[in-house]
Amino acid sequence: MKILVGVKRVIDYNVRVQINREGTGVVKEGVKMSVNPFDEIAIEEALRIRERGDASEVVAVGIGPSAAQQQLRTALAMGADRALLVETEDELQPLAAARILQKIIERELPELVILGKQAIDDDCNQTGQMLAALWGRPQATFASDLKIADGVATVTREVDSGLETIEVDLPAVVTADLRLNEPRFVKMPDIMKAKRKPLDTLPLTELGVEMPAALEAGVCEPPPKRAGGVKVESVEALIAALKEKGVLA
Amino acid sequence: MSSVLLVAEHDGESLNPATGRALSCAASLGEVDVVVFSSGADAVGTEAAGLEGCTRVRHVTRPENAHPLAATLAPQVVELAADYDYVLAPSTTFGKDLLPRVAALLCVPQVSDIMEVVDPRTFKRPIYAGDVIHTVRVPDGVKVVATVRIASFPAAGSASGPAPVETVSSSAELPSHTRWVGLAASGGDRPDLQSARRVVSGGRGVGSEDNFRVIYSLADRLDAAVGASRAAVDAGFVPNDMQVGQTGKIIAPDLYVAVGISGAIQHLTGIKDAGCIVAINKDGEAPIFEVADIGLVGDLFQILPELESALEGLDA
């Protein structure tokens, strides 16, 4: 079985993002970039499935600028067998990304696709579901547990009301939630080894994907600030303040 | 007048309060039909029909709709969508799972997490964990498919008279490749964290799973739901479905009591629409105090029992 995982290059989650002066986006120059954390979990899960003998190959796929090769190298260092970058300078939205991944699926014919549940830059939480729809296959989003047997994936999903379990026939798309696993640390020898693993690049224009309608991007602005309130000295004062606000009768 | 289709979230017995909040957003965009997919949940349709802003309830009853599976529901939403300018759902795990599948089948982009309607095609939504608010516009001639960030909108009130409920038959072909197995519900008898009017949350400062009983105890006194910070979840004090924050639940209770929570950005993102935030923490410099309406610096193990007994006899 072949597993395809998505790898998105995003601003590292420890970076405090800054809106650019024009208000058209955030500052990316000179900012640390990383693999989207949910994608890292997706990669880890694919590797574990391969390591327990349920898969033979893990292919990491990225969409982005040439520099996104770095993040694919990280996936290779973690243990992916090979990587493919669909190269484009454009910032693509989830529907476009899903169409591109669908094209890659037609070439690679994976039985399982694992993506992060969302990217921590645009926070859309759409690509996996859209890909599953375009592919006409099942989706199992927000996965916190994944078992595979006899062509069926049994997935535990983190839903608002608790933990839901569903069964999906493969091929299918699974999106990884935080609790699915803890990604491994990459060791130096693995980084060296990753340099020799195949990483192909393919210009988006050669893929022949018709670009769908996209949302028009407007301004970026900081969120409204929540003004801090008062500090009180005692429980009595706390209760008095709550009554004053009408929170307690 | 524009027409809006709002997909109701429910558990087969009652309407999820998220639907009522999403309805407040939907009603500002046009006439709203609320669609209930079920295997026969009449009570849910009646409940939706009683909400202010609901023009009509459309009830699609099929045995396959016994459980909310995106792969099963999406073709049925698409079947109805042709008649509408907007297709909306609450931005809960239910809506987040379903709507992108609908959008892709309709070949349109989706707006995730509407927090403000700027004009009928322009919306504000949070990106970068809420650190940035991005304005996006759906191009002319494209159906608007969007999820509504429920913490940003008030619950719809009661209508003066119920809206009509009509039964719609669906002939959409449904896949059999996705099957529901079970749900391990969390929370027990306490109010649901996502929709509770009051929430008491504990953080790393609570110290252990055992110590969390002081949080539960205060919550019960206040008839509140119990939440936790990511640090408390990661430390194994509580299960992860109790996590409040950008990577957990984003909530907007009237009262939020943060106990032993320092206030990491990702946690603050989850509570910034709360009515009144109370922070109890021994570290007076903790960032939580920068957003708290009322702060009390001190040892939570002294303060909480004291607070609980002071609440005794109050109409809490």
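Owing to the predicted nature of the structure, the values given are computational and were not obtained by experimental measurement. Chain letters run A, B, ... following the sequence lines, proteins first and then strands; every chain starts at 1. In what follows, every heavy atom counts, from backbone to side chain, and hydrogens, waters and symmetry copies are set aside.
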Among [options], which has the most heavy-atom pairs under 4.5 Å with chain B?
options	result
A237(A), A153(A), S234(A)	S234(A)
V168(A), V219(A), L238(A)	V219(A)
A133(A), A213(A), A96(A), G136(A)	A133(A)
L178(A), T127(A), D177(A)	L178(A)
T154(A), T141(A), I19(A), L131(A)	T141(A)

Could you look at [X] and say if it's the side chain, the backbone, both or neither that has a heavy atom under 4.5 Å from chain B?
X	result
S144(A)	neither
I11(A)	side chain
L95(A)	side chain
A98(A)	neither
L215(A)	both
E233(A)	backbone
P223(A)	both
Y13(A)	neither

E45(A) and its side chain to side chain contact (heavy atoms under 4.5 Å, CB included) partner, picked from V174(A), I3(A), L146(A):
L146(A)
Engaged part of [X] at the chain A interface, taking heavy atoms whose separation is under 4.5 Å:
X	result
V233(B)	side chain
L304(B)	neither
A310(B)	both
I277(B)	both
R125(B)	side chain
D97(B)	both
V278(B)	side chain
S91(B)	neither
D11(B)	neither
Q266(B)	neither
I265(B)	side chain
V142(B)	side chain
K96(B)	both
P139(B)	both

Looking only at heavy atoms, which two atoms of [X] and [Y] are closest? And how far apart?
X	Y	answer
K124(B)	V118(B)	CG-CG2, 3.8 Å
P65(A)	E89(A)	CB-OE2, 3.8 Å
T178(B)	A71(B)	OG1-CB, 3.7 Å
R157(A)	A140(A)	NE-C, 4.4 Å

Would you say the side chains of [X] and [Y] form a donor-acceptor pair under 3.5 Å?
X	Y	value
Q243(B)	R179(A)	yes
T19(B)	N16(B)	no
W180(B)	E167(A)	no
Q110(B)	S112(B)	yes

Specify which of [options] makes the most heavy-atom pairs with chain A at under 4.5 Å.
options	answer
A279(B), P175(B), A129(B), A74(B)	A129(B)
D131(B), I133(B), D234(B), I127(B)	I133(B)
R121(B), K249(B), Q194(B), H67(B)	K249(B)
N240(B), L105(B), V138(B)	N240(B)
G295(B), A70(B), P75(B), S176(B)	G295(B)

Basic-acidic side-chain contact under 4.0 Å: K32(A), D12(A)
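Salt bridge flag = yes for D12(A) with K32(A).
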Would L112(A) and K2(A) count as a side chain to side chain contact (heavy atoms under 4.5 Å, CB included) if you check the C-alpha gap in whole Å, the side-chain angles of each, and the deciding distance to 0.1 Å?
CA-CA 7 Å; L112(A) 180 61; K2(A) 186 194 283 190; over 6 Å; no
Please walk me through it: do K225(A) and E290(B) pass side chain to side chain contact (heavy atoms under 4.5 Å, CB included)?
CA-CA 10 Å; K225(A) 270 240 170 345; E290(B) 288 165 30; over 6 Å; no
Indicate yes or no for a side-chain donor-acceptor contact from D150(A) to the backbone of V152(A) under 3.5 Å, with no hydrogens or angles considered.
no
Verify, without hydrogens or angle tests, whether R198(B) (side chain) and V247(A) (backbone) share a donor-acceptor contact under 3.5 angstrom.
yes
Report, as yes or no, whether the 6.0 Å neighbourhood of atom CD on E216(A) holds more than 12 heavy atoms from other residues, nucleotides or ligands.
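Atom CD in E216(A) is crowded, with more than 12 foreign heavy atoms closer than 6.0 Å.
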Can you tell which of D123(A), D39(A), D121(A) makes a salt bridge (Lys or Arg N to Asp or Glu O under 4.0 Å) with K8(A)?
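Going through the options one by one, the only one that passes is D121(A).
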Quick one: pull up CD1 in I150(B) and OG in S195(B) and give me the separation to the nearest 0.5 Å.
8.0 Å
Could you please spell out the steps behind the side chain to side chain contact (heavy atoms under 4.5 Å, CB included) verdict for N125(A) and T175(A)?
CA-CA 9 Å; N125(A) 197 330; T175(A) 74; 5.6 Å; no
